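Here is the structure we will look at.
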Amino acid sequence: MKEISVSGQKRTETGKKASKLIRKEGLIPCNLYGEKRGDNNLPEAMAFVAPFTELRKAVYTPHVYVVNLNIDGKEHKAIIKELQFHPTSDALIHADFYEINENKAITVGIPVNLTGHAQGVRDGGKLQLQIRKINVTAPYKNIPEKLDIDVTSLELGKSIKVGSLSFDGLEIATPKEVIVCSVKATRASRSAAAAEDAQ
């Protein structure tokens, strides 16, 4: 997985008013969830702020990053857990991070990369990607930047489901029945098939 560095400072003031002032300064309110748990056994968050200029590289991208957070001089490795955007302007308004380590398995969505030239496309069909990411579980060091899926033998009218895939060292967390990609018949392929049947 790609890595990126982000600096931050702990924040003591929380709430809507404080968050609004923070954003005016070009900072984004964030939480870091880790091993620490509160009285009710729910994960306890560390509130901090980080510059939008540093966060944007990890947010507006198809890639999944390991984020090296430096909060007040202390290093934390994390992945983005959840992002909140403004409903009308689409601006980033909050980010949640989840602390990770080399031994602990994490579940993340990894981009799908289709390789090869599908047989069904050669026969006049159209290749359609149904999902952009597949959720996988593994220690972060084992997780690749993308999942390569070979579609060379995919025929017209056929599809590839998650259940037919396997990747070394990764456990697939997306349901098996989910369709990753398929080759749909087009008008040209239907006409060619009809012409063939008529012969």
Side-chain angles (χ1 to χ4, degrees), residues 1-87 89-113 131-148 162 167-175:
M1 284 172 80
K2 290 176 183 281
E3 299 201 9
I4 198 167
S5 295
V6 172
S7 57
Q9 298 86 41
K10 281 186 188 176
R11 65 184 173 121
T12 47
E13 289 185 44
T14 54
K16 281 187 178 179
K17 194 178 177 186
S19 295
K20 213 170 188 179
L21 290 170
I22 285 164
R23 289 187 203 105
K24 277 187 177 170
E25 293 171 25
L27 301 169
I28 301 295
C30 305
N31 287 324
L32 175 64
Y33 293 90
E35 304 290 327
K36 198 176 173 189
R37 292 187 175 267
D39 302 332
N40 49 7
N41 205 33
L42 288 171
E44 212 168 84
M46 180 204 296
F48 70 100
V49 294
F52 171 71
T53 51
E54 291 184 24
L55 282 175
R56 68 182 300 166
K57 291 176 281 185
V59 172
Y60 299 103
T61 173
H63 302 293
V64 180
Y65 282 97
V66 169
V67 184
N68 295 310
L69 291 172
N70 184 316
I71 303 170
D72 294 334
K74 194 178 176 192
E75 297 285 342
H76 304 267
K77 271 199 187 295
I79 56 166
I80 294 172
K81 184 171 180 268
E82 194 178 342
L83 298 167
Q84 286 174 31
F85 296 92
H86 191 278
S89 69
D90 230 16
L92 179 67
I93 56 172
H94 186 91
D96 282 342
F97 291 86
Y98 182 67
E99 195 158 11
I100 58 176
N101 61 50
E102 289 188 18
N103 306 316
K104 189 177 179 183
I106 56 168
T107 300
V108 286
I110 300 298
V112 167
N113 179 48
I131 55 168
R132 296 196 176 278
K133 289 184 178 180
I134 293 175
N135 293 333
V136 299
T137 305
Y140 82 89
K141 289 267 187 188
N142 296 1
I143 295 175
E145 287 174 22
K146 60 184 191 298
L147 298 172
D148 291 327
V162 171
F167 303 96
D168 285 348
L170 304 178
E171 186 185 319
I172 298 177
T174 297

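Computed from a prediction, not measured in an experiment: that's the story for all the values here.
Side-chain atoms of Phe97 and Asn31, non-hydrogen and from C-beta on, never get closer than 4.5 Å to each other. Side-chain contact between Tyr98 and Asp96 is absent, with no heavy atoms from C-beta onward closer than 4.5 Å. Residues Arg11 and Ile22 have side chains in contact (heavy-atom distance under 4.5 Å, counting atoms from C-beta outward). In this structure the side chain of Ile71 reaches within 4.5 angstrom of the side chain of Leu32, judged on heavy atoms. Ile79 has its side chain within reach of Val108: a pair of non-hydrogen atoms, C-beta onward, lies under 4.5 Å apart. Taking the side chain as every heavy atom from C-beta outward, Glu102 and Pro139 never approach each other to under 4.5 Å. You'll find the side chain of Leu27 stays beyond 4.5 Å of the side chain of Glu54, heavy atoms only. A 4.5 Å side-chain heavy-atom check between Ile143 and Ile106 finds at least one atom pair inside the cut-off.
Under a 3.5 Å cut-off, the side chain of Gln84 and the backbone N or O of Ala95 do not form any donor-acceptor pair. A donor-acceptor contact shorter than 3.5 Å is absent between the side chain of Arg132 and the backbone of Val112.
To the nearest 0.5 Å, atoms CG (Leu92) and CZ (Arg56) are separated by 10.5 Å. Once rounded to the nearest 0.5 Å, the distance linking CG of Asn135 with CD of Glu171 reads 11.5 Å. We find the OG-CG distance between Ser5 and Asn68 to be 4.5 Å, quoted to the nearest 0.5 Å. With rounding to the nearest 0.5 Å, the separation of CD1 in Ile131 from OG1 in Thr174 is 5.5 Å. The distance from atom CG of Leu69 to atom CD1 of Ile4, rounded to the nearest 0.5 Å, is 10.5 Å. Atom CD1 of Ile110 sits about 6.0 Å away from atom CG of Leu147, to the nearest 0.5 Å.
For the residue pair Pro29 and Val49, the shortest heavy atom distance occurs at CA-CG1, 4.3 Å. Shown here for Ala138 and Leu170, the closest heavy-atom pair between the two residues is CB-CD2, 3.7 Å. Nearest heavy atoms, Phe85 versus Val59: CZ-CG1, 3.8 Å. Nearest heavy atom pair, residue Thr61 against residue Lys57, reads CG2-O, 3.3 Å. Nearest heavy-atom pair across Met46 and Lys10 is SD-CE, 3.9 Å. Closest heavy-atom contact between Val6 and Ala50: CG1-CB, 3.8 Å.
Between Lys77 and Glu3 there is a salt bridge, with a side-chain nitrogen of the basic residue lying less than 4.0 Å from a carboxylate oxygen of the acidic one.
When the shell of 6.0 Å around CG of Asp72 is examined, it contains more than 12 heavy atoms from other residues, nucleotides or ligands.
When each of His76, Gln9, Glu75 is checked for a side-chain hydrogen bond (donor to acceptor under 3.5 Å, both in side chains) with Asn70, only Glu75 meets the rule.
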**Prompt:** Would Tyr33 and Glu99 count as a side-chain contact (heavy atoms from CB on, under 4.5 Å) if you check the C-alpha gap in whole Å, the side-chain angles of each, and the deciding distance to 0.1 Å?
**Reply:** CA-CA 6 Å; Tyr33 293 90; Glu99 195 158 11; over 6 Å; no
